[in-house]
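Inspection log for the structure reproduced underneath, given as structure tokens.
Residue numbers begin at 1 in each chain, while the letters A, B, ... track the order of the sequences. Note that the structure is predicted; figures quoted are calculated from it, not measured.
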There are 2 protein chains.
Amino acid sequence: MTIKEVARLAGVSSAAVSRYMNGGSVSEEKRARIARAIEETGYRPDMTAQTLRTGRVRQIGVIVPKIFSESVSQIMDGISECLAEKNYMTLLGCAGIDDAQEIRYLDIMERNRVAGIILMGTTMDPVKEKRLRECRVPLVVTGQNFEGFPCVYHDDFHAVKALTSLVLEKGRRRLAYIGVTERDFAAGKARREGAQAALLAAGIDPETMPCTETSFDAEGGFQSARFLLAQHPDLDGFICATDNVALGAMMAVRESGRSVPADVSIVGVGDCWAGTISAPPLTTAHLRYRQCGVDAVRMLLQRIEQEDPEQGEAQPSQIRQIRLPYTIIERGSV
Amino acid sequence: MTIKEVARLAGVSSAAVSRYMNGGSVSEEKRARIARAIEETGYRPDMTAQTLRTGRVRQIGVIVPKIFSESVSQIMDGISECLAEKNYMTLLGCAGIDDAQEIRYLDIMERNRVAGIILMGTTMDPVKEKRLRECRVPLVVTGQNFEGFPCVYHDDFHAVKALTSLVLEKGRRRLAYIGVTERDFAAGKARREGAQAALLAAGIDPETMPCTETSFDAEGGFQSARFLLAQHPDLDGFICATDNVALGAMMAVRESGRSVPADVSIVGVGDCWAGTISAPPLTTAHLRYRQCGVDAVRMLLQRIEQEDPEQGEAQPSQIRQIRLPYTIIERGSV
DNA sequence: AGTCCGTGTGAAAACGATTACAAAACCTTG
DNA sequence: CAAGGTTTTGTAATCGTTTTCACACGGACT
């Protein structure tokens, strides 16, 4: 099943077989003999050997924090479809929130000679940044806007600002913000700042809005909202960093005997499927997760291809950044 | 950055460096020199070359129909966590419903020398079966019970049977079944048969129950339920093949002016997150998706390890099958 | 002193492909 | 028919590792 075996069977040199497979010049006669030998043996070239020799492998690495998440799997969907089109496979690394693990995957992927890496960003610290900079294969970050890296990310700031303005327009004034860890610049910091910016624009002091930080799931939203309602019984609106948190908050509000949206408005971010069937359905911002994956692949492939022919390290000024737009989806929770 | 370079710098042979890395015998003195050389150069062995030489690669292939699906991503979650523990990476192939693409991925993975393959099963036809049988790396199928292959799957039949019995116990007699493609033995055939078996056990002729076949999403459930309600206005229960379908059906029922569960009972399968916050929350069967992934990996790794030392092809009688239990979750929709 | 064993060592042969190179074979022409 | 060009060919080097093999070096033991 090796190329040599095929060559022997066809009575030619292994170079001829290689040329046959890769479109080199082979006489019609040998071409037929080789074809038959391949047919008989079911020979298929070993990709490991090919990679070792050519240095190229049609694989790209994808590092995610976790796979069981509506947003991540949507991005992955975009990625894998787009890669499949170009005949690439994806080497997946699921790192959790563990920075060290993330770097370990980066190592392994480089050592496997992947053509490029997509990093679904969460946090960034100096050690990691340093490691990312000295990464020798093209890299694209999704979901976060990391200065100096090619990124595809969502407009978290303006999405939440618009949502908050919407709530304010309905006359709600005593809002609370339920956020997630600030170490996540996009979902944590940018979204909170968006909410505060909207307050400021409406002439309200952002400092007066109570802010909590919780986990990404509904349970976190539930606990936070319950706590906030106990502290500030007169709240009439919750701005939540994610839809899941918002849905949890909705439960807490209902549990307290208040009604959504009559007494309290609630908004989330992400446009998750559960938000479409809750009662009331959730007003939220739709983010283009799938598109994010698609764009990340396009960007990566472009860098890969441009790097290939010109060995001259190309222009490092090429670090493009793509900010994806959002869409406010008004449903019943405001 | 190659092993030779390191060897030259340390003043030893490349064999010594290799032994140093892989725990062979190296004198204390050289050990120090090599360590320093590695430190200086930041050398890390090339995995492609290692694979070529040793034949082993710590990667396993995973082929899924699509990644953006609550069940699939949950299984993947179990898989990737379990693999990470054992220091394996996953090579992902997203095949859609395209059988040919599935086989193409199988090819590529074999040619990449993956240690094993997990196939998230959907359909099975003779061509594919033949190809799977002659697959030269260990293979495990999840989600389906394919005779003759090692499988980890859910007890779809009894789950739906139990759900249907539950609905019948509440006095509902005029049920309809909304299913998915019968080409999917597990989610299509087995679940429908479970529903019919429950009817039979209750002394009702299964043939009297209208059955439709639709897509896996809520839209499909919505259309089907609307159609069924038009045809049979006296229906008082829907057994749905998946939660998403059930939630779609719930919308259709509500749209028709009927109430759930007062007028019509609805059940689904899968225990998806949206079902917990719908109004009313959905009665369903919880399937152990995550566990499915974990067990699949355990099974695969076991086969890989047993195959490794004994070159003697081992016992092919080892095709274990694991049937995962289900749990009925009674919420408000019955 | 000779034998035996265990540990360290480097040269060289794999692993399975691609490709540079030079030789051979085949055409066109003048 | 000779000269010059184009297409086919096989040999051998290469990619970066691991591993076999033979050998050298010390003891420990007869």
* **Nearest-nucleotide comparison on DNA chain C, the residue closer to the 5′ end among A:T2 and A:R19** => A:T2
* Looking at C:dG16, D:dT17, C:dT19, which one has an atom nearest to any side-chain atom of A:A49? -> C:dG16
* Under the criterion side chain to side chain donor-acceptor pair (under 3.5 Å), which of A:T122, A:D184, A:T123 is the partner of A:Q144? -> A:D184
* **Value in whole Å for how far the C1' atom of C:dC15 lies from CD of B:Q50** => 13 Å
* Of the listed nucleotides D:dT17, C:dA17, D:dT9, the one nearest the side chain of A:P45 -> C:dA17
* Asked: Is B:R298 salt-bridged to B:E85, cutoff N-O under 4.0 Å?
  -> no
* **Proximity to the side chain of B:A16 - top-ranked nucleotide from D:dT19, C:dG10, D:dG10** => C:dG10
* Provide, to the nearest angstrom, the distance between the CE atom belonging to A:M47 and the C1' atom belonging to D:dC15. => 17 Å
* To do: Map B:E28 and B:L52 onto DNA chain C by nearest heavy atom, then report which one ends up closer to the 5' terminus.
  => B:E28
* Could you state the CZ-P distance from A:R58 to C:dA17, rounded to the nearest angstrom? -> 19 Å
* D:dT19, D:dT9, C:dA17: which one has an atom nearest the side-chain heavy atoms of B:S18? -> D:dT19
* **Rounded distance (Å) that lies between atom C1' of D:dG16 and atom NZ of B:K4** => 8 Å
* Within the pair B:S27 and C:dG8, is there a side-chain N or O less than 4.0 Å away from OP1 or OP2? -> no
* **For atom CG of B:N112 and atom P of C:dA17, their distance in whole Å** => 13 Å
* Structure fact -> Comparing nearest nucleotides in DNA chain D, the 5'-proximal residue of the pair A:V12, B:A15 is A:V12
* Nearest of C:dA17, C:dT9, D:dT11 to any side-chain atom of A:Y43? -> C:dA17
* side chain to side chain contact (heavy atoms under 4.5 Å, CB included) between A:L119 and A:E102, intermediate numbers included -> CA-CA 9 Å; A:L119 185 66; A:E102 217 168 286; 3.7 Å; yes
* Atom CZ of B:R31 to atom C1' of C:dT9: distance rounded to whole Å? -> 14 Å
* To do: Kindly point out which of D:dG16, C:dT19, D:dT19 is positioned nearest to the side chain of B:T54?
  => D:dT19
* To do: Measure the distance from CD on A:E29 to P on D:dT7 and round it to the nearest whole Å.
  => 19 Å
* To do: Look at A:R8 together with A:E5 and state whether they make a salt bridge at an N to O cut-off of under 4.0 Å.
  => yes
* Asked: Atom CD of A:E5 to atom C1' of C:dC15: distance rounded to whole Å?
  -> 15 Å
* Are B:S25 and C:dT7 close enough that a side-chain N or O sits under 4.0 Å from OP1 or OP2? -> no
* Asked: Within the pair B:K30 and C:dT9, is there a side-chain N or O less than 4.0 Å away from OP1 or OP2?
  -> yes
* **Spacing of A:T142 atom OG1 and A:M120 atom CE [to the nearest 0.5 Å]** => 4.0 Å
